[in-house]
Amino acid sequence: MTELAGLKRTHHCGALGPEQAGQPVVVMGWVQRRRDHGGLIFIDLRDRSGLIQVVFSPDFGGEAFSLAGEVRGEYVLAIEGDLRIRPEGTENPNLPTGEVEVVARSLYILNQARTPPFYIEDDLNVDENLRLRYRYLDLRRPEMQQAMIMRHRAAKSVRDFLDARGFLEIETPMLTRSTPEGARDYLVPSRLNPGMFYALPQSPQLFKQILMVAGLERYFQIVRCFRDEDLRADRQPEFTQVDMEMSFVDVDDVLSLTEEMIARLCQDTIGLAVPRPFSRLTYREAMDRFGTDKPDTRFGMELKDISDLAAGCGFKVFTSAVAGGGQVKGINAAGCGSFSRKEIDELTAYAAVYRAKGLAYFIVAEEGVKSPVAKFFTPEELAAVQERLAARPGDLLLFVADEPQVVADALGALRLHLAERLQLAADTGFNFLWVVDFPLLEYDREEGRYAAMHHPFTAPRAEDLPLLESRPGEVRARAYDLVLNGVEIGGGSIRIHRREVQEKMFAAIGLKPEEAGEKFGFMLEAFEYGAPPHGGIAFGFDRLLMLLARKKTIRDVMAFPKTQSAADLMCRAPGPVDPKQLRELHVKLTAAR
RNA sequence: GGAGCUGUAGUGUAGUGGCCUAACAUGCCUGCCUGUCACGCAGGAGAUCGCGGGUUCGACUCCCGUCAGCUCCGCCA
């Protein structure tokens with residue numbers, strides 16, 4: 001084992017090529033692979049930049065050659081030698097540095113390594129448990145390093161862009177106050193204030209608005225946010241937002257600036273030219289046509305309403321759904337008429353997850369519609385339904401009859417499921433879409449009240465303001481989401497900046513004035529001191545990177561993600577704490593573990 | 001809170017009631033090899049079949065529970 005002893009790295013492995021041939025080089029890195037031919041040893045040395053082949057031969061450095069025999073995978077080496085063009089016929093076209101090799105004069109073993117539990121290579125097929133437990137090895141893999149590099153470039157791109165546009169990066173507190181609405185908070189007990197708790201921020205929402213009141217005019221932050229909710233492939237308990245806020249702007253100002261920023265980011269990370277402006281869809285249209293507020297518009301298979309045709313047919317499931325205020329909608333799974341009974345049963349089971357009580361289907365054949373329920377329809381009704389869904393022989397039509405939310409959820413999910421299965425959206429690029437005109441409020445059945453759909457600081461559209469007390473469900477918000485390939489990657493709004501409007505909003509969501517004063521008094525007070533009109537947006541940085549890197553989960557673009565049970569398998573968080581710590585925090589556990 | 005999938009040498013898999021004294025590949029160890037690049041050749045070591053219980057003459061295999069990971073619903077923008 002050797003210390004560096006003044007040895008300086010001259011080149012990175014992946015940066016070596018014919019241009020450096022003939023030069024003395026010092027390279028340092030990890031052993032990717034050793035090929036020992038007895039009288040000749042090859043070592044592929046890896047650093048962040050790539051691989052270079054090093055040759056050891058008794059002819060060039062006897063000591064180095066014999067030491068190379070002790071080397072094993074992932075040993076950390078420094079190699080002093082000369083770069084040369086490889087002998088004719090021994091070039092490796094599969095390696096970027098395959099035209100050259102380092103002829104080793106001296107070898108320094110800087111550190112040994114245990115045999116790693118999995119190979120340090122891309123496309124590995126290994127239990128994610130292991131990857132997370134040995135994250136430092138997982139992160140050595142080129143594709144993970146690429147992801148980290150891309151992440152850095154994306155952050156730099158955003159900083160450069162926003163800096164040039166006059167935005168200030170301002171930090172906001174991590175120890176803040178728990179507020180009602182939104183996700184469950186992560187809580188931190190206060191030692192100095194017994195019985196009191198901080199909350200980790202779900203987002204810096206209130207602070208960034210206060211910064212606008214403070215006259216900073218343009219703020220941004222690449223900031224960690226925390227939400228104590230259950231995890232998904234695209235949801236982690238702590239995640240990163242690109243958070244922005246601007247004064248004196250309207251919806252279109254935010255959208256166009258955002259488009260420019262995103263286009264620049266795509267260019268700077270994956271060299272993708274994104275056409276602008278992005279297309280837009282209203283919330284209503286998105287729900288009607290795709291059954292979701294974050295539609296994947298890379299393919300069709302849109303939902304078609306056949307409630308009018310179904311209302312008078314002989315199929316009781318359809319008629320009673322319509323009569324009960326529900327609807328009947330269908331999608332055309334084009335070319336799926338050959339699906340077996342079993343396959344259709346699987347689709348039915350899939351729809352059932354989304355609370356659909358059943359899935360009616362028509363198989364469209366040359367000779368007519370084949371369906372267990374075809375007998376309940378007149379030939380004219382069958383024809384009308386087929387026309388509505390643009391059905392052609394060989395197609396499979398799928399219908400759900402229920403309340404609108406269930407119809408949308410089930411068919412929307414079925415549409416994505418079929419697209420996945422039929423590869424309808426595979427590699428068809430990046431489809432950015434704005435969804436605008438969200439409802440301000442949605443009814444929460446569990447709570448028996450309206451709740452803010454975005455958050456309680458979202459401004460209603462001026463013309464809808466009079467409806468806030470009479471028909472709150474119909475008020476549209478000055479809110480917008482950015483959707484990429486069916487994934488919500490950002491959302492924001494123009495905010496309320498007048499105290500009386502904010503108070504009306506609180507009233508609409510059933511927040512009592514005393515409680516509003518208690519939780520948000522500082523905000524209401526701030527609004528009395530000259531709050532400018534303002535608005536902004538926040539992006540799920542991890543999600544955006546996941547999509548650009550074509551990964552299936554945000555864990556693959558985060559250095560140290562957590563498992564579905566919110567555990568860090570490497571450092572083994574969360575963990576127990578010393579009773580003394582709990583006493584200092586005035587925290588008493590109710591259940592012994 | 002709920003549903004589904006997965007769990008067998010270091011790793012990836014095979015094995016669906018006795019064929020298992022658990023197989024294959026790779027990795028690991030030893031030896032040989034001067035142009036390999038997933039080097040090759042020969043030999044070797046390595047598994048209480050996630051854990052606990054049950055059924056059975058007999059369980060890696062069937063049943064129940066449990067733990068861990070993943071995907072999803074609910075939850076969450």
Side-chain angles (χ1 to χ4, degrees), chain A residues 32-45 51-60 65 69 72-74 86-95 97-98 101 103 114-121 123-134 137 181-185 202-203 205 225-237 239 241 293-294 346 349-356 409-410 413 416-417 435 438 442 444 446 451-455 458 479-483 487-493 537-540 543 552-553 555 562-565 567 569:
Chain A
Q32 179 68 27
R33 210 163 232 119
R34 183 181 63 116
R35 292 178 294 280
D36 187 341
H37 288 244
L40 193 65
I41 296 172
F42 298 98
I43 285 177
D44 292 337
L45 197 70
L51 289 180
I52 183 74
Q53 171 166 286
V54 183
V55 203
F56 295 84
S57 160
D59 307 339
F60 303 115
F65 173 76
R72 294 293 180 272
E74 298 308 310
R86 291 194 189 187
E88 204 176 331
T90 65
E91 303 87 356
N92 183 355
N94 302 318
L95 201 63
T97 61
E101 64 190 4
V103 180
R114 291 168 62 180
T115 302
F118 51 84
Y119 314 129
I120 310 301
E121 64 185 20
D123 301 317
L124 93 168
N125 175 24
V126 65
D127 196 295
E128 200 165 346
N129 261 320
L130 273 182
R131 292 179 54 199
L132 292 173
R133 181 158 161 227
Y134 299 96
L137 297 179
E181 302 292 306
R184 193 177 294 115
D185 286 320
Q202 295 178 28
S203 81
Q205 186 61 38
C225 302
F226 304 86
R227 290 176 190 164
D228 188 6
E229 297 291 348
D230 287 352
L231 290 81
R232 290 286 189 279
D234 63 354
R235 271 163 41 186
Q236 283 272 311
F239 61 99
Q241 280 191 350
D293 61 359
K294 47 183 167 75
E346 280 165 10
Y350 192 82
V353 172
Y354 298 84
R355 307 192 314 282
D409 287 348
L416 292 178
H417 181 68
V435 177
F438 275 79
E442 63 186 335
D444 184 332
E446 216 167 283
M453 191 155 189
H454 189 62
H455 56 56
T458 300
Y480 31 82
D481 274 2
L482 184 59
V483 176
V487 177
E488 184 211 322
I489 57 164
S493 61
I537 191 164
F539 291 93
R543 279 189 189 173
K552 287 197 170 61
T553 151
R555 296 188 299 279
K562 292 182 173 55
T563 66
Q564 195 160 55
S565 53
L569 296 182

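Labels below follow one simple rule: chain letters A, B, ... track the order of the sequence lines, proteins then strands, and each chain is numbered from 1.
An OP1 or OP2 oxygen of rG69(B) is reached within less than 4.0 angstrom by a side-chain nitrogen or oxygen of Thr563(A). Between Arg35(A) and rC33(B), a side-chain N or O to OP1/OP2 separation shorter than 4.0 Å is absent. In terms of phosphate contacts, Ser565(A) brings a side-chain nitrogen or oxygen within less than 4.0 Å of OP1 or OP2 of rG69(B). OP1 or OP2 of rU71(B) lies within a sub-4.0 Å distance of a side-chain N or O belonging to Arg555(A).
rA3(B) and rC60(B) have their C1' atoms separated by 26 Å, with the value rounded to a whole Å. rC49(B) and rG44(B) have their P atoms separated by 25 Å, with the value rounded to a whole Å. Rounded to whole Å, the separation between the C1' atoms of rU56(B) and rU61(B) comes to 13 Å. Between rG40(B) and rG7(B), the two P atoms lie 30 Å apart (nearest whole Å). Only the C1' atoms considered, rG15(B) is 8 Å distant from rA22(B), to the nearest whole Å. Across rG17(B) and rC62(B), the matching P atoms stand 8 Å from one another, rounded to whole Å. Taking atom C1' in both rC19(B) and rU55(B), one finds a spacing of 23 Å when rounded to whole Å. Look at the P atom in both rG12(B) and rU48(B): the space between them is 15 Å, to the nearest Å.
Under the stacking definition used here (centres under 5.5 Å, planes under 30°), the residue His37(A) fails to qualify as stacked on the base of rU36(B).
Out of rC29(B), rC37(B), rU36(B), the shortest distance to the side chain of Glu101(A) is found at rU36(B).
Considering only heavy atoms from C-beta on, Phe118(A) comes within 4.5 Å of Leu130(A) through its side chain.
No side-chain donor-acceptor contact under 3.5 Å links Arg235(A) and Gln564(A).
The existence of a salt bridge linking Arg114(A) and Glu74(A) is excluded, since no basic side-chain nitrogen approaches an acidic carboxylate oxygen closer than 4.0 Å.
Summarising the geometry, the separation between CD1 on Ile43(A) and C1' on rU36(B) is reported as 13 Å, rounded to the nearest angstrom.
Aromatic pair His454(A)/Phe438(A): ring centres not closer than 6.0 Å.
With a cut-off of 3.5 Å on both pairing distances, the Watson-Crick or G-U wobble partner of rG31(B) is rC41(B).
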